[in-house]
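Structure record follows, encoded as structure tokens.
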Amino acid sequence: MNLMDLARPAEEVAPRLLGAVLTHETSEGTVSIAITETEAYSGAADPASHAYRGMTPRNAVMFGPAGHLYVYRSHGLHWCANVVTGTDGAASAVLVRAGRVIEGEDLARRRRGGMAESSRLARGPGNFCQALGVTAEHNGSDLLTGASVTLSEGEPVPASLIRIGPRVGVSKAHDWQHRFYLAGDPTVSAYRLSPRAKPSHGA
DNA sequence: CGGTTGATCGTCT
DNA sequence: GACGATCAACCGC
């Protein structure tokens with residue numbers, strides 16, 4: 001993934017982020033996670049996007065320039081992280097849904113409450129943030145200028161391994177083929193249709 | 001297994 | 001005042 005490409009629309013950037021690495025350095029240590037699953041949210045035209053109803057204090061970061069982190073709280077208890085993409089004002093973003101811990105596994109496991117299985121440490125958007133140690137304080141941080149959370153190129157991912165599917169957990173436009181993941185990877189979150197999902201066109 | 005549900009609170013209507 | 005871009009525990013089979 002060429003980091004200059006972040007200015008492209010989310011649905012274009014999302015597959016290219018597979019294999020890229022998010023790193024968080026703290027006084028406790030460093031955790032790095034290679035991304036294995038993403039979801040694209042296409043700004044104002046996307047009914048499932050937080051930006052659909054325009055800018056609010058919460059989603060303001062989405063409307064800014066690409067390469068920043070948009071962090072929000074989900075269901076009162078989880079943090080979820082997006083990489084902002086697209087041109088300034090486009091409100092395009094890629095939700096990071098899962099990854100493989102490649103550095104700092106002990107620290108990641110401690111943050112997750114000591115759970116044993118490595119492949120599950122960063123499986124699911126809430127778990128990913130918990131393992132990486134990302135919270136609201138990182139909202140808006142620039143991933144490219146060496147802040148505490150940074151995005152870097154990882155090992156290239158063979159295009160033949162990339163799969164596309166419907167988005168997870170959203171109640172609107174869940175059938176948009178905007179979810180990208182690595183075939184057969186155990187760190188990819190289990191697919192679940194939203195309990196509230198309604199068919200958006202046919203039966 | 002697979003489906004269902006409780007936890008928990010910021011954000012928007 | 002309702003409802004999530006969630007997770008894990010718990011049920012019944």
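Side-chain atoms are counted along with the backbone in the values below, which use heavy atoms only and exclude waters and symmetry mates. Each chain gets a letter, A, B and so on, in the order the sequences are listed, and its residues count up from 1.
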**Message:** So if I take residues 61-73 of chain A and measure heavy-atom distances to DNA chain C, which residues fall below 4.0 Å?
**Reply:**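 When residues 61-73 of chain A is checked for heavy atoms under 4.0 Å from DNA chain C, the hits, listed by number, are A/M62, A/Y72.
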Here the residues of residues 88-104 of chain A within 4.0 Å heavy-atom distance, strictly under, of DNA chain C are A/L95, A/R97
Problem set entry | Rounded C1' spacing from C/dA8 to B/dG10 in Å |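 Per the computed distance, 22 Å lies between those C1' atoms.
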Distance check, P atoms only: B/dT5 and C/dC13, in whole angstrom units.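 B/dT5 and C/dC13 have their P atoms separated by 14 Å.
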Donor + acceptor pair across side chains of [X], [Y] (<3.5 Å):
X: A/S189; Y: A/E37; value: yes
X: A/E105; Y: A/S118; value: yes
X: A/R120; Y: A/N127; value: no
X: A/T36; Y: A/T187; value: yes

Applied to residues 67-82 of chain A, the side chain to side chain donor-acceptor pair (under 3.5 Å) test, sequence neighbours excluded, yields A/H50-A/Y70
Expressed as a whole number of angstroms, how long is the span from [X]:[atom1] to [N]:[atom2]?
X: A/R58; N: C/dC3; atom1: CZ; atom2: C1'; result: 11 Å
X: A/H75; N: C/dC7; atom1: NE2; atom2: C1'; result: 9 Å
X: A/N59; N: B/dG10; atom1: CG; atom2: P; result: 17 Å
X: A/R167; N: C/dT6; atom1: CZ; atom2: C1'; result: 16 Å
X: A/R53; N: C/dG4; atom1: CZ; atom2: P; result: 10 Å
X: A/W79; N: C/dG4; atom1: CH2; atom2: P; result: 19 Å
X: A/H174; N: C/dA5; atom1: NE2; atom2: P; result: 13 Å
X: A/H50; N: C/dC3; atom1: NE2; atom2: C1'; result: 11 Å

Distance check, rounded to the nearest 0.5 Å: A/R111 atom CZ versus A/T26 atom OG1?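 Here the rounded value is 5.0 Å.
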With under 30° as parallel and over 60° as perpendicular, where do the rings of A/H178 and A/F180 fit, or are they tilted in between?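 Correct class here is parallel.
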**OP:** Indicate the atoms forming the closest heavy-atom contact of A/E11 with A/S42, along with that distance.
**Re:**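 Heavy atoms of A/E11 and A/S42 come nearest at OE1-OG, 3.2 Å.
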request  = Give the cluster check for A/L95 versus A/V61: same hydrophobic cluster or not, with ILVMFWY residues linked at side-chain heavy-atom distances below 4.5 Å.
outcome  =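 Yes; tracing contacts between hydrophobic side chains, which count when under 4.5 Å, links both residues.
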Please tell me whether A/V83 and A/V31 are part of a single hydrophobic cluster in this structure, the criterion being side-chain heavy atoms less than 4.5 Å apart.
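Hydrophobic grouping puts A/V83 with A/V31.
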TODO: Would you mind checking if A/D185 and A/R100 are paired as a salt bridge, meaning a charged N to carboxylate O distance below 4.0 Å?
DONE: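 Salt bridge flag = yes for A/D185 with A/R100.
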> Mind checking whether A/E25 and A/S148 have side chains closer than 4.5 Å, heavy atoms only?
Replying inline: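 They are not in side-chain contact.
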Extract all donor-acceptor atom pairs below 3.5 Å that involve side chains of residues 156-163 of chain A and protein atoms in other chains or at least two apart in sequence.
from	atom 1	to	atom 2	distance (Å)
A/R163	NH1	A/S160	O	2.9

Report task. Please answer whether the main-chain N or O of A/S171 pairs with a side-chain N or O of A/H174 as donor and acceptor at a distance below 3.5 Å. Result ->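 No, because the side chain of A/H174 does not come within donor-acceptor range (under 3.5 Å) of the backbone of A/S171.
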Enumerate the protein-to-nucleotides 8-10 of chain C contacts in which both atoms are nitrogen or oxygen and the separation is below 3.5 Å.
from	atom 1	to	atom 2	distance (Å)
C/dA8	OP1	A/R112	NH1	3.3
C/dA8	OP1	A/R112	NH2	3.2

For DNA chain B, the dot-bracket notation using Watson-Crick and G-U wobble pairs below 3.5 Å, [ ] for pseudoknot-type crossings and | for other-strand pairs, is |||||||.||||.
